[in-house]
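Residue numbering restarts at 1 for every chain, and letters A, B, ... go by the order of the sequence lines.
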Number of protein chains: 2
Amino acid sequence: MSKREEEYLETMYILQKNKGVIRVKDIAKALKVKPPSVVDALKKLSEKGLVEYEKYDRILLTEEGRKIAEDTYSKHKLLTQFFVGILGIPPEIAEQDACQFEHYVHEETVKRMMEFAEFIQENCSGVLKQFLKERIEKEK
Amino acid sequence: MSKREEEYLETMYILQKNKGVIRVKDIAKALKVKPPSVVDALKKLSEKGLVEYEKYDRILLTEEGRKIAEDTYSKHKLLTQFFVGILGIPPEIAEQDACQFEHYVHEETVKRMMEFAEFIQENCSGVLKQFLKERIEKEK
DNA sequence: TCACCGAGTTAGGTTTGCCAAAAATGTTTA
DNA sequence: TAAACATTTTTGGCAAACCTAACTCGGTGA
């Protein structure tokens with residue numbers, strides 16, 4: 001599984017979820033590549049059994065492809081939550097970082113981030129609030 | 001600057017620091033590639049003015065190359081510190097993650113991590129200690 | 001000093017991902 | 001329904017990184 005393949009799967013998953021259908025044009029737009037690159041990728045992913053693809057036909061993720069995409073997307077969301085909710089990083093930057101890190105981050109790291117967030121919120125949520133408040137003020 | 005180029009520069013920087021000299025063989029070993037790949041990379045980096053390289057001669061980073069390498073390496077260290085010292089992630093995993101994230105992470109994110117670490121240590125270091133202690137116990 | 005060995009280099013080839021241009025297919029509308 | 005438009009696909013090519021095999025260089029020991 002290359003990083004790029006994961007990105008294609010994740011993009012398709014999100015398109016499916018938001019638009020109901022997956023189209024070459026939309027994948028291309030989301031990943032900032034041209035349509036021929038998308039077709040190349042679809043063929044490869046299809047050979048690997050991660051995507052159902054017949055030319056000019058509708059595009060679908062297979063069970064296995066969807067599983068990988070969901071996994072990636074879930075890391076994406078958890079990372080973003082941590083960056084924004086704990087570190088107070090501006091959403092756009094958090095998004096950018098999550099978008100890359102999601103492909104490399106160890107399971108254990110994500111787990112710890114979640115546990116840490118929970119622990120802090122339970123044991124010193126006041127301090128956390130103060131930290132976030134200060135950051136937001138500095139931004140002005 | 002590609003991720004891979006940064007990795008070459010960082011590796012060279014660390015070799016320089018630890019061994020005093022930079023050798024093709026050692027770069028290859030560190031990056032798990034074969035010597036010809038290193039030579040390819042050195043030629044490109046030299047064309048970009050980031051490395052001083054003449055064949056069969058000693059290898060050096062230029063001022064500019066060193067700056068990039070230091071920058072990357074500093075992110076590496078800060079990320080590792082945060083992962084280990086705040087989240088309590090096992091050093092090997094922290095190292096792995098830092099090693100990837102360092103090439104993508106936004107300046108702002110690293111800055112926030114440092115500020116957050118400082119803030120927590122000053123305002124609820126007891127809670128942090130407890131969190132880390134619990135994690136270490138769970139690991140057994 | 002010179003043959004040899006390890007380190008470094010070159011040549012030639014692979015894979016992955018991307019693109020532009022042109023061809024094929026699908027869709028919409030006059 | 002057929003022309004016009006949009007989308008998708010194919011073709012052919014490029015660049016980044018990597019590799020194996022073969023060659024070159026530099027230092028070492030006989």
Side-chain angles (χ1 to χ4, degrees), chain A residues 1-16 18-62 65 68-69 72 99-100 102-104, chain B residues 1-16 18-62 65 68-69 72 99-100 102-104:
Chain A
M1 228 344 56
S2 78
K3 180 192 171 192
R4 204 46 169 164
E5 282 173 334
E6 267 181 28
E7 285 174 337
Y8 274 101
L9 293 176
E10 188 185 16
T11 300
M12 291 166 67
Y13 174 76
I14 293 169
L15 284 171
Q16 179 74 265
N18 294 345
K19 295 203 161 191
V21 285
I22 302 168
R23 276 178 309 168
V24 171
K25 204 185 65 164
D26 295 328
I27 301 174
K29 192 178 167 193
L31 290 178
K32 292 178 183 152
V33 298
K34 303 295 176 190
S37 308
V38 174
V39 175
D40 285 354
L42 289 174
K43 283 178 184 167
K44 267 193 210 155
L45 291 169
S46 158
E47 272 168 30
K48 293 194 180 185
L50 302 174
V51 165
E52 264 180 55
Y53 171 70
E54 292 294 335
K55 59 179 176 172
Y56 295 112
D57 201 356
R58 77 202 190 304
I59 303 166
L60 292 174
L61 289 173
T62 63
I68 294 170
T72 305
C99 205
Q100 296 297 320
E102 65 189 4
H103 303 291
Y104 300 110
Chain B
M1 230 339 61
S2 78
K3 180 190 172 192
R4 205 42 170 164
E5 283 174 333
E6 267 181 28
E7 286 174 336
Y8 275 101
L9 293 177
E10 189 185 16
T11 300
M12 291 167 67
Y13 174 76
I14 293 169
L15 284 171
Q16 179 73 264
N18 294 346
K19 294 203 161 192
V21 286
I22 303 169
R23 275 178 311 168
V24 170
K25 206 185 63 165
D26 295 327
I27 301 173
K29 192 178 167 193
L31 290 178
K32 292 178 183 150
V33 297
K34 303 295 177 191
S37 308
V38 175
V39 175
D40 284 356
L42 288 174
K43 283 178 184 168
K44 267 193 210 156
L45 291 169
S46 157
E47 272 168 30
K48 294 195 180 187
L50 303 174
V51 165
E52 265 179 54
Y53 171 70
E54 291 295 334
K55 62 177 175 173
Y56 295 114
D57 201 356
R58 78 203 190 304
I59 302 166
L60 291 175
L61 291 172
T62 62
I68 294 170
T72 304
C99 206
Q100 297 296 321
E102 65 187 6
H103 303 290
Y104 301 110

**Asked** So how far is it from A:L61 CG to A:Q16 CD, rounded to the nearest 0.5 Å?
**Response** 7.0 Å

**Item:** Electrostatic pair B:E7:B:R4 at N-O distance under 4.0 angstrom
**Value:** yes

**Protein-to-nucleotide contact annotation, 5' to 3' order, nucleotides 9-20 of chain C [B base; S sugar-phosphate only; - none; under 4.0 Å, heavy atom]** = BB-----SSBBB

**Prompt:** Got a salt bridge between B:R23 and B:D26, using NZ or NE/NH1/NH2 to carboxylate O under 4.0 Å?
**Reply:** yes

**Complete:** Only one of A:E5, A:E6, A:K3 passes side-chain hydrogen bond (donor to acceptor under 3.5 Å, both in side chains) with A:H103, and that residue is A:E6

**A:M12 and its side chain to side chain contact (heavy atoms under 4.5 Å, CB included) partner, picked from A:L42, A:V38, A:L50, A:L60** = A:L42

**Request:** Find the distance between CG (A:D40) and OH (A:Y8) and round it off to the nearest 0.5 Å.
**Result:** 7.5 Å

**Terminal contacting nucleotides, 5' and 3', DNA chain D versus chain A (heavy atom, 4.0 Å)** = D:dT7 to D:dT10

**Prompt:** Could you state the interatomic distance from CD1 (A:I22) to OG1 (A:T11), rounded to the nearest 0.5 Å?
**Reply:** 10.0 Å

